Amino acid sequence: MSEKEDKEMFASGHRMCAGCGEGIAMRTILNEAGPNTIATVATGCLEVTTTAYPQTSWEIPLIHSAFENAASVASGIEVALKQMDKKGETNIMSFAGDGGTFDIGFQALSGMFERKHNVTHICLDNEAYMNTGIQRCSSTPYGASTTTSPAGKFSIGEDRPKKPLARISAAHDIPYVATATIAHIKDLKKKVRKALDADGPALVHVFAPCPTGWRHASNDSVELARLAVETGVFVLWEAEDGEICDLNITHKPKERKPVGEYLKKQRRFAHLTEEHIEKIQKEIDEKCEQYGF
Amino acid sequence: MTKVKITIGGINKDAGSSKEYKTGGWRTMKPEVDVEKCIQCLKCFDYCPDGAVKKTDDAIEFDLDYCKGCGICAKECPVKAIVMKVEEK
Ligand SMILES: Cc1ncc(C[n+]2csc(CCOP(=O)(O)OP(=O)(O)O)c2C)c(N)n1
Ligand code: SF4
Ligand code: SF4
Ligand SMILES: [Mg+2]
């Protein structure tokens with residue numbers, strides 16, 4: 001165990017729900033980044049639960065931006081440090097949920113990528129706007145019931161597929177893009193390190209189950225992140241220098257598990273019939289074939 | 001109610017101060033570790049959302065000031081060294 005890991009950079013006492021995937025992600029990510037890091041955070045569960053004034057769970061300098069502009073504020077910090085001749089000495093990171101990345105923060109993120117700022121953006125993906133009460137997002141998967149895509153007699157819940165955020169990010173030809181989960185800690189650390197070491201913009205898209213929004217047992221968060229990978233629901237890969245045609249799949253499940261094993265542990269999918277599940281399975285099979293496994 | 005002094009710009013220089021807030025009171029289930037069984041793989045340490053698992057010389061221990069009782073450690077422990085028991089208050 002390195003010394004760096006002994007000082008926790010993400011303090012206890014935060015108000016995340018019991019079993020929150022974001023907590024596991026944040027401890028891993030901030031401990032990897034270390035004390036020489038400046039961060040911005042968009043509004044969302046991460047911000048609300050860690051900055052109850054006058055307290056903070058962050059052991060590093062942090063600016064709470066607006067919901068939509070975590071990546072823009074980080075861009076400004078990067079330029080300011082450059083002006084002060086401190087280029088490259090400090091990690092600059094922006095953090096946002098899926099809402100703050102896929103949807104409302106996307107313009108700021110795309111601008112940060114395009115201007116080639118040396119910023120690592122972390123998206124904590126719990127597949128909905130959790131902090132405001134589980135509203136659907138472009139990250140919400142097909143078939144999930146949320147408060148704004150409720151399942152019912154005439155509705156399957158969310159009726160659109162998940163937006164491929166990481167692939168869209170890689171299409172910006174930036175040095176590093178990766179997908180990761182809270183179940184694969186070593187892999188997550190490695191990817192955060194690569195993102196921080198890259199000379200330019202980077203994105204790490206972290207799959208982080210939310211017991212409150214997905215309505216699963218609080219002790220199932222890690223298991224669900226693992227199952228998402230083992231069923232092919234979430235694919236772990238990285239792309240260096242915009243090589244989206246030549247993705248490096250970082251974890252190929254030996255034998256893919258049926259998607260039902262993943263869906264049935266979460267009440268947001270409780271309304272799905274066997275036919276629905278078959279349909280979702282077929283789509284995953286097609287997606288995995290595209291990824292080459 | 002305690003009065004909170006608002007600084008200019010809301011600047012908070014008190015890094016890591018959420019530790020003042022003890023989340024252990026949220027717990028309904030409490031983890032217990034069998035140190036004889038523990039192989040110190042530290043999976044529970046890595047997977048604790050609340051930083052409530054501490055390393056000891058030969059095993060781990062829980063910081064019950066912060067443990068919210070989610071049960072992830074017990075579920076992920078490869079040798080079943082952790083059990084969750086109903087919290088008695
Ligand atoms: C411009 C703006 N619109 C709406 C909100 C309200 N709001 C705050 S947090 C949030 C949801 C955040 O969702 P996400 O980014 O996915 O993070 P999560 O809470 O799920 O971790 C919303 C809608 C806001 N703060 N600012
Ligand atoms: S609502 Fe979900 S993401 Fe937000 S703190 Fe609770 S478990 Fe974490
Ligand atoms: S997961 Fe189990 S074996 Fe590993 S350190 Fe924790 S208690 Fe010990
Ligand atoms: Mg979210």
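Computed from a predicted structure; not experimentally measured. So that the names make sense, note that chain A is the first sequence line, chain B the second, and so on, each numbered from 1.
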If I compare all heavy atoms of [X] with all of [Y], which pair ends up nearest, and what's the gap?
X       : Y       : result
A:Arg27 : B:Phe45 : NH1-O, 2.7 Å
B:Lys68 : A:Arg15 : NZ-C, 4.0 Å
B:Tyr66 : A:Gly13 : CD2-N, 3.6 Å
A:Ser12 : B:Gly51 : OG-O, 3.6 Å

Taking [atom1] in [X] as the centre, count heavy atoms belonging to other residues, nucleotides or ligands within less than 6.0 Å. Is the count above 12?
X        : atom1 : value
A:Glu89  : CD    : yes
A:Lys190 : NZ    : no
B:Lys43  : NZ    : no

> Given the options B:Cys73, B:Gly69, B:Cys48, B:Ala52, which has more heavy-atom pairs under 4.5 Å with chain A than any of the others?
Replying inline: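 Most heavy-atom pairs under 4.5 Å with chain A: B:Cys48.
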>> Heavy-atom pairs under 4.5 Å with chain A - which of B:Asp65, B:Asp50, B:Val4, B:Thr23 has more of them than the others?
In response: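 Sorted descending by pairs with chain A, the first entry is B:Asp50.
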> Do you know which of A:Ile60, A:Ile185, A:Asp220 has the most heavy-atom pairs under 4.5 Å to chain B?
Replying inline: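 Top count of heavy-atom pairs under 4.5 Å with chain B: A:Ile185.
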> NZ of A:Lys186 to CG of B:Asp46: how many Å apart, nearest 0.5 Å?
Replying inline: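 Reported value, rounded in 0.5 Å steps: 9.5 Å.
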> To the nearest 0.5 Å, what is the distance between CD1 (A:Ile182) and CD1 (B:Ile72)?
Replying inline: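 Reported value, rounded in 0.5 Å steps: 6.0 Å.
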>> Need one label for A:Ile63: side chain, backbone, both or neither, based on atoms under 4.5 Å from any heavy atom in chain B.
In response: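 Contact with chain B is absent: no heavy atom of A:Ile63 under 4.5 Å.
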Using residues 210-219 of chain A as the side-chain source, report each donor-acceptor pair under 3.5 Å to any protein atom, sequence neighbours left out, with the distance given to one decimal.
| unit_1 | atom_1 | unit_2 | atom_2 | d |
| --- | --- | --- | --- | --- |
| A:Trp214 | NE1 | A:Asn126 | O | 2.7 |
| A:Ser218 | OG | B:Cys70 | O | 2.8 |

> Just checking heavy atoms, which of residues 221-233 of chain A are less than 4.5 Å from chain B?
Replying inline: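 When heavy atoms of chain B are the reference, residues 221-233 of chain A contributes A:Ser221, A:Val222, A:Glu223, A:Arg226 within the under-4.5 Å range.
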> What residues of residues 44-54 of chain A sit under 4.5 Å from chain B when only non-hydrogen atoms are counted?
Replying inline: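 Listed by number: A:Tyr53, A:Pro54.
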>> Under a 3.5 Å distance rule, please check whether B:Tyr21 uses its side chain to pair with a backbone N or O of A:His14 as donor and acceptor.
In response: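 Such a contact is absent between B:Tyr21 side chain and A:His14 backbone.
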> For the side chain of A:Thr56 and the backbone of B:Ser17, is there at least one donor-acceptor N/O pair under 3.5 Å apart?
Replying inline: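 Side chain of A:Thr56 to backbone of B:Ser17, a donor-acceptor pair under 3.5 Å: no, none is there.
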>> Once side-chain hydrogen bond (donor to acceptor under 3.5 Å, both in side chains) is applied, do any residues pair with A:Ser75, and if so which ones, sequence neighbours excluded?
In response: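 For A:Ser75, the residues satisfying side-chain hydrogen bond (donor to acceptor under 3.5 Å, both in side chains) (neighbours in sequence not counted) are A:Arg115.
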> Where on B:Lys75 is there a heavy atom nearer than 4.5 Å to chain A: the side chain, the backbone, both, or neither?
Replying inline: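 Only the side chain of B:Lys75 comes within 4.5 Å of chain A.
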> Considering only heavy atoms, which portion of B:Ile6 lies under 4.5 Å from any heavy atom of chain A: side chain, backbone, both, or neither?
Replying inline: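 Answer is both: backbone and side chain atoms of B:Ile6 are under 4.5 Å from chain A.
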